Amino acid sequence: MKHVRTIIDKEWSEVFKNRWVITTMTMLPMLFVAMPLVMLYMTKSSLGVDLPAESAGLPGGFGAACAGMTASECTQIYLLNQFMIMFMMMPLMIPTTIAAYSIVGEKTTRTLEPLLATPITTIELLAGKGLAAVIPGVLISYGAFGIFLVGSLLLGLAPGVISYIFSPIWLLGILVLGPILSIIATIFAIYVSSRVSDPRVAEQLSGSVILPLLLVMFAVLAGKLVIDVKFMLIAIVVCALVAFGMLHLGTLIFDRENILTKWK
Amino acid sequence: MIKTQGLTKIFKIGKKQETDLIAVDNLTLEVEHGEVFGFLGPNGAGKTTTVRMLTGLIRPTSGTAQVAGFELGKEDTNIRRNVGILTESPGMYERLTAEKNLTIFAKLYDVPDVEKSVNKYLSMLGLWERRHDSVGSFSKGMRQKLAVARSLIHEPQILFLDEPTTGLDPEASKTVRDFVEELKTEGRTIFMTTHNLDEAERLCDRVGIFQQKLLTLDSPANLRDKMFGRKVVFHLREVQPAWVGLVAGIAGVDNVEAVGNKMVVSLRDPEESNPKIINALVMAGADVQFVGEIKHSLEQIYLEMVQSNERGQA
């Protein structure tokens, strides 16, 4: 564990000395917090008339989720569904910035060989690199979600919308599924980072991990998918299994020799 | 300290990994405790691959080795714990300070008193005043000193130095050389690859000339004797043909050659034969102006070995 802490300390010391990385890591969450709050504020004022939910003209599959709500509340909840996915993207995107650079960065600065020459084990190295990426990603996501919760309370939204934001769907999605997705993204980015020779390629390839989540977002937009507690629980179990499998596979395929000798 | 038996490394190269590249072929050698061993060879000879194998960074294809009493391939973590390595291009964490760089490695090597060790090596290598500066602002010489400090931070029994003075200015090279000499007096075992033959001659107890396989292995003095024998040149006022035969007849003389007003004599034991030769020449009426031994450089030995190996391969 001592070695893992040392690697985390090293990664953070390097990362947080680069103001561009900090800017990249904080800009996105700020944007993701501001967008739904602005949207809630605007829909609150423009759809202030009590019309039945059916009149909001939302995709068919969404009707059940809006039972007993007004058109404005239903529209807000429909839009919040998209933003929930964006909130889940945060712990995916933030660690990728750090993890994509983790191994290829050591290669380009020629620090990988001295690092691998220490008694550190492969698992310790990967855990250190991984946690150094996951922890800030999750903490920033939690922080951003906290700001969003406070902001939504301050906006004086309808009780139905507030209770939706505080519902198990959101809490499971942000507090449980988010970190699992973060672990998946980080393992994937570290794997890519150990296979490529250019940090830019590593970052671009690692970014592709967001694609499945975008598919979910499009499905919600098209009304083909309504995110409910059941969906969220299934997603948590599936993603946890994927994360566990990737973790196991990652330690097997991380080969010190290949990384050292096949990189030019 | 280091013992290898038939150590071989073959890389698979090509798009389908269809071609074998023999980087190290059947290397058998032994490096004693406290010895400074020079591993010489041209670029691409397999020196770095050998160092990487011996430090547990890459696996040998075949053969065995023991490093610091631990078996390669089975006890690699223990090997890494007991050896220090100065890599060919020693990278540093540029944004971090010199102190932080050393602290990270001290912790990874489980050094008991991290602060004490870090301070010791920062002072010893003249980096104390710059300890809070980021390494990005360091000159190449300072980085090399820091890399040396990093390789020693856990007080390893064996130190692998891969081209330790390449690219350094004379002053920085001297600092590194002086430090190696100091480590030698401390009784550490040093395995050093270098292109600098003068450096190898000055620092190394034994050298191995290597080009995929070990071509020769001995002390620089013995190698010189083995390859070129010992030759003494006698400068005379003039050389008379009869004196060549006279000297050739003296016990211990292998060959005599007259070159201008000099006689070049190949000897088995100059300390024993020189007085006899001088005496015989003086008795014969020669004016001996001065006597000196012809010293072949390690460079000549190296070039002879490598070129003859390349000719053999061709």
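A note on names: the letters A, B, ... follow the listed sequences, proteins ahead of strands, and every chain is numbered from 1. Everything numeric in this text was worked out from a predicted model, so none of it was measured.
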S.K.: Between the side chains of B:E94 and B:R143, is the shortest nitrogen-to-carboxylate-oxygen separation below 4.0 Å, so that they form an ion pair?
M.R.: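 A salt bridge links B:R143 with B:E94.
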S.K.: With a 4.5 Å cut-off on heavy-atom pairs, point out which of B:G84, B:P90, B:S89 contacts chain A the most.
M.R.: B:S89
S.K.: Does the side chain of B:Q157 pick up a donor-acceptor pair with the side chain of B:N82 at under 3.5 Å?
M.R.: yes
S.K.: Is the NZ atom of B:K3 crowded by more than 12 outside heavy atoms at less than 6.0 Å?
M.R.: no
S.K.: With a 4.5 angstrom heavy-atom cut-off, is it the side chain or the backbone of B:T77 that approaches chain A, or both, or neither?
M.R.: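 For B:T77, backbone and side chain are both near chain A.
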S.K.: Go through the atoms of B:D110 and report whether side chain, backbone, both or neither lie under 4.5 Å from a heavy atom of chain A.
M.R.: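 For B:D110, heavy atoms of backbone and side chain both lie under 4.5 Å from chain A.
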S.K.: If you compare all heavy atoms of B:R150 against all heavy atoms of B:I153, which two are closest, and at what distance to 0.1 Å?
M.R.: O-CG2, 3.3 Å
S.K.: If we only count heavy atoms from C-beta on, is the B:F210 to B:T193 side-chain gap below 4.5 Å?
M.R.: no
S.K.: Any salt bridge linking B:K100 with A:D9? Criterion: basic side-chain nitrogen under 4.0 Å from a carboxylate oxygen.
M.R.: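 Yes, charged N to carboxylate O under 4.0 Å.
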S.K.: Distance-only, no hydrogens or angles: does the A:S193 side chain make a donor-acceptor pair with backbone N or O of A:I103 under 3.5 Å?
M.R.: yes
S.K.: Looking at B:L86, B:N78, B:I79, B:L57, which has the largest count of heavy-atom pairs under 4.5 Å with chain A?
M.R.: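 With the most close heavy-atom pairs to chain A, the winner is B:L57.
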S.K.: Spell out the residues in residues 111-137 of chain A that have some non-hydrogen atom less than 4.5 Å away from a non-hydrogen atom of chain B, in order of number; otherwise answer 'none'.
M.R.: A:T111, A:E113, A:P114, A:L115, A:L116, A:A117, A:T118, A:P119, A:I120
S.K.: Thinking salt bridges, do B:E155 and B:R188 make one under a 4.0 Å N-O criterion?
M.R.: yes
S.K.: Tell me, side chain or backbone of B:I85 under 4.5 Å from chain A's heavy atoms, or both, or neither?
M.R.: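 For B:I85, the contact with chain A is made by the side chain alone.
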S.K.: For B:F160, which atoms come within 4.5 Å of any heavy atom of chain A: side chain, backbone, both, or neither?
M.R.: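 Interface part for B:F160: neither.
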S.K.: Using a cut-off of under 4.5 Å for heavy-atom pairs, which of A:K2, A:E106, A:H3 has the most such pairs with chain B?
M.R.: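 Ranked by heavy-atom pairs under 4.5 Å with chain B, first place is A:H3.
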S.K.: Does the B:R80 side chain pair with the main chain of B:G56, one donor and one acceptor, at a distance under 3.5 Å?
M.R.: yes
